[in-house]
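One-based numbering, in listed order, for ligands and for the atoms of each. By convention here, the first residue in the shown sequence is residue 1. This structure is a prediction, so every number in the text was calculated from the model and none was measured.
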Amino acid sequence: RRFFSEQGQLSGKKVLVTAGGTVERIDPVRFLTNDSSGKMGYAIAETARDMGAEVTLIAGKATAPVPRGVKVVSIESAHDMMKAVLERLADADVVIKAAAVADYRPAEQARQKIKKKSEEMTLTLVKNPDILQTIGSMKTTQFVVGFAAETERIDEYAMDKLQRKNCDLLVANDVTQEGAGFGTDTNVVRIYDKNGLVQALPVMTKQGVARELLNLVAERIGRGEG
Ligand code: CTP
Ligand code: CA
């Protein structure tokens with residue numbers, strides 16, 4: 001009974017998780033990326049698996065070990081991630097967007113290594129598509145969870161992202177806090193829904209955060225939300 005009420009809370013559910021940082025190519029030997037370790041998203045994938053879900057992980061650049069028993073699709077750029085997610089969206093019950101997607105990419109990807117020439121060089125960047133916002137605008141029955149990394153005005157920015165991107169839940173972390181953010185094993189998050197703050201969690205391991213978040217997701221999809 002306990003097994004069904006806890007471990008099996010997501011059994012039969014298809015959960016799509018994005019994790020890690022995207023890699024935006026400048027030329028064949030250079031790229032732009034960020035400090036994402038993939039740990040938060042990987043912990044979510046692992047925990048969803050333990051709760052009985054069928055998990056697909058769309059993974060960018062990450063240092064965390066790949067969890068076993070989940071299907072991993074490796075991608076580089078935001079464009080690749082968008083494509084990989086959209087291909088699987090119709091089939092998903094839950095989509096969790098923990099990836100650190102680059103906001104901009106080089107306007108051009110040089111096919112050959114760029115040679116050094118003048119004393120100054122300018123790299124022009126263009127905006128990437130917003131994957132979460134695209135999912136939010138297309139979603140039918142999917143339960144969508146977004147993330148937000150903030151350094152100030154966390155409640156205000158988090159609620160703005162949740163509304164703009166049409167998320168069912170949004171997990172915000174204040175990356176200036178001790179024990180939160182990129183590369184750490186712990187996180188400090190605040191979880192919101194469309195009515196406002198749902199949970200402010202103390203510093204806990206990323207596995208602990210994953211468990212709390214997925215409990216909320218399971219409870220809400222059990223009530224037919226999404
Ligand atoms: N996200 C996305 N596609 C992008 C940028 C962000 O899907 N091109 C997603 C992230 O995966 C995350 C959420 O949007 O789930 C919020 O990311 P964040 O960087 O905090 O927000 P932005 O909307 O990019 O705003 P800003 O960086 O200016 O705060
Ligand atoms: Ca961003």
Side-chain angles (χ1 to χ4, degrees), residues 15-25 31-45 48 56-62 64 73-89 92 94-107 125-139 142-177 180-184 187-194 198 206 209-210 213-214 216-217 226:
V15 177
L16 189 58
V17 181
T18 74
T22 66
V23 167
E24 310 295 336
R25 286 268 153 211
F31 55 81
L32 298 175
T33 189
N34 56 62
D35 282 322
S36 174
S37 61
K39 281 178 188 162
M40 190 63 245
Y42 282 22
I44 291 168
T56 302
L57 180 61
I58 315 285
K61 193 175 69 61
V73 179
S74 295
I75 55 85
E76 264 204 351
S77 66
H79 257 283
D80 297 345
M81 182 173 278
M82 172 97 138
K83 187 163 174 282
V85 168
L86 293 185
E87 275 169 9
R88 292 164 181 83
L89 183 62
V94 178
V95 184
I96 304 184
K97 284 250 34 185
V101 183
D103 291 333
Y104 295 90
R105 67 176 183 280
L125 305 180
V126 293
K127 212 184 230 171
N128 268 329
D130 193 305
I131 304 167
L132 182 57
Q133 194 157 345
T134 307
I135 296 167
S137 69
M138 291 175 64
K139 83 183 178 91
Q142 297 85 352
F143 190 93
V144 176
V145 181
F147 274 73
E150 306 296 351
T151 58
E152 58 173 355
R153 292 156 69 182
I154 181 162
D155 291 339
E156 180 192 331
Y157 286 151
M159 283 307 287
D160 174 63
K161 280 178 192 170
L162 178 130
Q163 281 154 4
R164 213 155 25 86
K165 306 191 188 198
N166 195 26
C167 300
D168 296 288
L169 286 175
L170 188 119
V171 182
N173 51 320
D174 179 347
V175 291
T176 61
Q177 279 201 54
F182 284 172
T184 57
N187 213 350
V188 188
V189 307
R190 294 165 75 79
I191 304 176
Y192 305 81
D193 71 6
K194 64 178 189 312
V198 175
K206 287 182 173 173
V209 173
L213 172 64
L214 289 168
L216 278 175
V217 171

On a heavy-atom basis, which atom in [X] and which in [Y] lie closest, and how many Å separate them?
{"X": "G226", "Y": "D168", "answer": "CA-OD1, 3.8 Å"}
{"X": "A92", "Y": "Q142", "answer": "O-CG, 3.2 Å"}
{"X": "D35", "Y": "F182", "answer": "CB-CD1, 3.6 Å"}

What residue and heavy atom of the protein are closest to [atom], and at what distance?
{"atom": "atom 28 (O) of ligand 1", "answer": "D103 OD2, 4.5 Å"}
{"atom": "atom 3 (N) of ligand 1", "answer": "I131 N, 3.0 Å"}
{"atom": "atom 11 (O) of ligand 1", "answer": "A99 O, 2.8 Å"}
{"atom": "atom 17 (O) of ligand 1", "answer": "F147 O, 3.7 Å"}

Original post:
Does any N or O in the side chain of K194 come within less than 3.5 Å of the main-chain N or O of Q163, such that one atom is a donor and the other an acceptor?
Top reply: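 No; zero donor-acceptor contacts below 3.5 Å.
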Original post:
Taking N34 for the side chain and A100 for the main chain, is one N or O donor matched with an acceptor at less than 3.5 Å?
Top reply: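 Such a contact is found between N34 side chain and A100 backbone.
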Original post:
Pairs in or reaching into residues 157-166: which pass salt bridge (Lys or Arg N to Asp or Glu O under 4.0 Å), with residues at least two apart or in two chains?
Top reply: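 Counting only pairs at least two positions apart or across chains, the salt bridge (Lys or Arg N to Asp or Glu O under 4.0 Å) contacts touching residues 157-166 are D130-K165, E150-K161, D160-R164.
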**OP:** Please work out which of D130, T22, V85 has its closest non-hydrogen atom nearest to atom 1 (N) of ligand 1.
**Re:**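 Checking each option, the heavy atom nearest atom 1 (N) of ligand 1 is found in D130.
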Ligand 1-proximal atoms of [X], by part, heavy-atom distance under 4.0 Å:
{"X": "P129", "result": "backbone"}
{"X": "T18", "result": "neither"}
{"X": "K161", "result": "side chain"}

Strictly under 4.0 Å, does any heavy atom of [X] approach an atom of ligand 1?
{"X": "K165", "value": "yes"}
{"X": "A149", "value": "yes"}
{"X": "A98", "value": "no"}

Contact check, side chains of [X] and [Y], non-hydrogen atoms, under 4.5 Å:
{"X": "D103", "Y": "K127", "result": "no"}
{"X": "L214", "Y": "I44", "result": "yes"}
{"X": "E24", "Y": "P106", "result": "yes"}

Original post:
Mind checking whether L132 has an N or O less than 3.5 Å away from an N or O of ligand 1?
Top reply: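 Right, the criterion is met.
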**OP:** Indicate yes or no: does an N/O atom of K97 lie under 3.5 Å from an N/O atom of ligand 1?
**Re:**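 Between K97 and ligand 1 (N or O atoms, distance only) the closest approach is under 3.5 Å.
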